[in-house]
Amino acid sequence: MVMSQQRIAVLGDMQVRMLSEQLRGNVIRPGGEGYDAARDILNAKIDRYPALVVQVKDAEDVAQVIRFARKHGVEVSVKSGGHGVAGHAIVDDAILIDLSLLKSIEVDEEMRIARAGAGLRAGEYVRATEAYGLVSPVGDASTTGLGGLVMGGGFGFLSGKHGLVVDNLLAAEIVTADGEILRASKTENPDLFWAIRGGGGNFGVVTAYEFQLHPLPQVLGGMMIFPFERAAEIVRLYRDIAESAPDELTMYLGMATMPDGMSIVALMPVYSGEIAEGERLLAPFREAGPVADMVQPMPYSQASSAADPFAPPGFKLHERWDTLYALPDDVIDGLIERATPGNSLGNVVVIKVLNGAATRVDPAATAFPHRNTRYAVLALAAWLDEADEAANIAWAESVKDVIAGQRFGSYVNASIGNPLSEVFGDNYSRLAAVKAAYDPDNMFHGNVNITPGK
Ligand SMILES: Cc1cc2nc3c(=O)[nH]c(=O)nc-3n(C[C@H](O)[C@H](O)[C@H](O)COP(=O)(O)OP(=O)(O)OC[C@H]3O[C@@H](n4cnc5c(N)ncnc54)[C@H](O)[C@@H]3O)c2cc1C
């Protein structure tokens, strides 16, 4: 790492200036205007210093940076929305390829296709397509980058009705490790297209996506809040309703202690069919008597920002995100025990449903292997004081013991040191072969790294 910094220094102003002259985007040196903002990501635990930041403006800029990095033996890292808790986006002494200026969006209303720049955040993307009465799935937080969300698969509130984020991807523009700009789709570089739908950022830098859009004027969404003391009853109700729900209903449930000290169970449902039918399906929760009920008809862009309050900036973070086959009573009780005030250290446990269209795709059809699972459990630990770090990490990791009997594996977008076999399942060997074909020198290794060919 020190070596690459020295090389940048040895290259000196002239080489960096020459790079800069070849680019449409901005080159920022350490200490320059915008440098600290560019290296800042959601997880405040990550405090790293790139040798250079390049805010690219198009795929050709990315290609130039990759060729420059290759020529001078400098590492690269890739940042879209900066939401990745593992912090892969920022690497000490590397060139940071910052995609945040790639915010273009075009909507073809007739074909119902959106072409979106990889620097858009989920909320920006969905608000732009929604202006045409059309949407495609995103996650549950508006500030998550579209870039990283797609790379991992993309869980979201439309997974029952329209599948994962990647199930709606028609094509991508991607810059490979040798600086080539390719299009990947079912018919163009199909292996690459298969791999980028769940294989993490291992195969190149995606600069633009094309998504299939669907008409969706509004959804029934929002949040109902119950006191934590009623968790045993509410989580069971959640499971029972989820297991008989139609594709249109996808729900998440969070157990958390809020900054004001109140411990809650938060139900976050999204129903994407007729509003009256959604009201009928959710009536048992209303009858259970929430202390606050904010579930109402709303635009999908609003419903898909439900998790925003759970991700305030400035906190140090650690997470586990595991997929589960089922949610039996013993797992429910174990998760409630972990989320109980006093045990939880103020952290969040989220139980997400994976249903409908997302689960009807063959696990080998895209790189995302978790299709036969029905739930995901996310344990997100957040703290401010470094002295609290070890206890918080241990808390998040302890959730694994509770779910062990039902566990399939770990979600690539949240994996911090989980074995690759748990992240990619049976898709690993094909991913390794695609990696060998497109990135044989492992240029893109700041990620959940797939070894070329192995
Ligand atoms: C509050 C919160 C809510 C979340 N909700 C959801 C959810 O509902 N569903 C879900 O599936 N996930 C969710 N996640 C996880 C999310 O998918 C990952 O954190 C994802 O990596 C974020 O993408 P990003 O672009 O913001 O991340 P970044 O930190 O910018 O990128 C993470 C890594 O992804 C790779 N990458 C990013 N963009 C590109 C690109 N264009 N080309 C190549 N590689 C790239 C790189 O390796 C990069 O280091 C959530 C995370 C948080 C913190």
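In each ligand, atom 1 is the first atom listed, and ligand 1 is the first ligand listed. Note that the structure is predicted; figures quoted are calculated from it, not measured. In this chain, residues are counted from 1 in sequence order.
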Peer 1: Any donor-acceptor pair under 3.5 Å linking the side chain of R371 with the backbone of T359?
Peer 2: no
Peer 1: Is it the side chain (CB and beyond), the backbone, both or neither of Y252 that lies under 4.0 Å from ligand 1, heavy atoms counted?
Peer 2: neither
Peer 1: If you measure from each non-hydrogen atom of L317 to ligand 1, which part falls under 4.0 Å: side chain, backbone, both or neither?
Peer 2: neither
Peer 1: Nearest protein heavy atom to atom 1 (C) of ligand 1, by residue and atom, and its distance?
Peer 2: A311 CB, 3.2 Å
Peer 1: Sequence neighbours excluded, which residues qualify as side chain to side chain contact (heavy atoms under 4.5 Å, CB included) partners of L102?
Peer 2: V56, L99, T207
Peer 1: Mark the output for K352 as yes if a heavy-atom distance to ligand 1 is under 4.0 Å, and as no if none is.
Peer 2: yes
Peer 1: Tell me which one of I97, L102, T144 gets a heavy atom nearest to atom 22 (C) of ligand 1.
Peer 2: T144
Peer 1: W321 to ligand 1: N or O pair under 3.5 Å?
Peer 2: no
Peer 1: In this structure, does ligand 1 have an atom that sits under 4.0 Å from one of the heavy atoms of G204?
Peer 2: yes
Peer 1: Looking only at distances, can you tell me whether any N or O atom of G148, backbone or side chain, sits closer than 3.5 Å to an N or O atom of ligand 1?
Peer 2: yes
Peer 1: In terms of ring plane angle, is the pair F226 and F285 parallel, tilted or perpendicular, where the classes change at 30° and 60°?
Peer 2: tilted
Peer 1: Which word best sums up how the rings of F155 and W321 line up, parallel for under 30°, tilted for 30 to 60°, or perpendicular for over 60°?
Peer 2: tilted
Peer 1: Looking only at protein heavy atoms, which one is nearest to atom 8 (O) of ligand 1, and what is the separation?
Peer 2: D140 N, 2.8 Å
Peer 1: What do you reckon, does N447 have a nitrogen or oxygen under 3.5 Å from a nitrogen or oxygen of ligand 1?
Peer 2: no
Peer 1: What protein heavy atom sits nearest atom 17 (O) of ligand 1, and how far off is it?
Peer 2: N413 ND2, 2.9 Å
Peer 1: Just need the protein heavy atom nearest to atom 51 (C) of ligand 1, so name the residue and atom and give the distance.
Peer 2: H83 ND1, 4.1 Å
Peer 1: Nearest to atom 7 (C) of ligand 1, what protein heavy atom do you find, and at what distance?
Peer 2: F155 O, 3.6 Å
Peer 1: Please confirm whether G154 approaches ligand 1 to less than 4.0 Å, judged on its heavy atoms.
Peer 2: yes
Peer 1: Of the side chain and backbone of A307, name the one, both, or neither that has a heavy atom under 4.0 Å from an atom of ligand 1.
Peer 2: neither
Peer 1: May I ask you to identify the nearest protein heavy atom to atom 47 (O) of ligand 1, giving residue, atom name and distance to one decimal place in Å?
Peer 2: G446 O, 3.7 Å
Peer 1: With a cutoff of 4.0 Å, is L99 in contact with ligand 1, counting heavy atoms of the residue only?
Peer 2: yes
Peer 1: Within the structure, is a non-hydrogen atom of F368 found at a distance of less than 4.0 Å from ligand 1?
Peer 2: no
Peer 1: For M151, is at least one N or O under 3.5 Å away from an N or O on ligand 1?
Peer 2: no
Peer 1: Examine ligand 1 and decide if any of its atoms is less than 4.0 Å from a heavy atom belonging to Y411.
Peer 2: yes
Peer 1: Could you tell me which atoms of ligand 1, counted from 1 in the order shown, lie closer than 4.0 angstrom to a heavy atom of V205?
Peer 2: 42 (N), 43 (C)
Peer 1: So is there a nitrogen or oxygen of L42 less than 3.5 Å from a nitrogen or oxygen in ligand 1?
Peer 2: no
Peer 1: Taking distance alone, with N or O pairs closer than 3.5 Å, would you say G139 contacts ligand 1?
Peer 2: no
Peer 1: Got a donor-acceptor contact below 3.5 angstrom from the N168 side chain to the L164 backbone?
Peer 2: yes
Peer 1: Are any of the N or O atoms of V78 closer than 3.5 Å to those of ligand 1?
Peer 2: yes
Peer 1: Supply the atom-to-atom distance M224 CE to I234 CD1, rounded to the nearest 0.5 angstrom.
Peer 2: 9.5 Å
Peer 1: Can you pull out the closest protein heavy atom to atom 41 (N) of ligand 1? Residue, atom name and distance to 0.1 Å, please.
Peer 2: V206 O, 2.8 Å
Peer 1: Could you establish whether G152 and ligand 1 come within less than 4.0 Å of each other, counting only heavy atoms on the residue side?
Peer 2: no
Peer 1: Considering only protein heavy atoms, which is closest to atom 29 (O) of ligand 1, and at what distance to one decimal place?
Peer 2: G84 N, 2.9 Å
Peer 1: Quick one: does NZ or CZ of R197 land under 6.0 Å from the six-membered ring centre of F368, within 45 degrees of the ring axis?
Peer 2: no
Peer 1: Is there a polar contact between ligand 1 and A141, counting only N or O atoms under 3.5 Å apart?
Peer 2: no
Peer 1: Could you tell me if any non-hydrogen atom of G82 lies under 4.0 Å from any atom of ligand 1?
Peer 2: yes
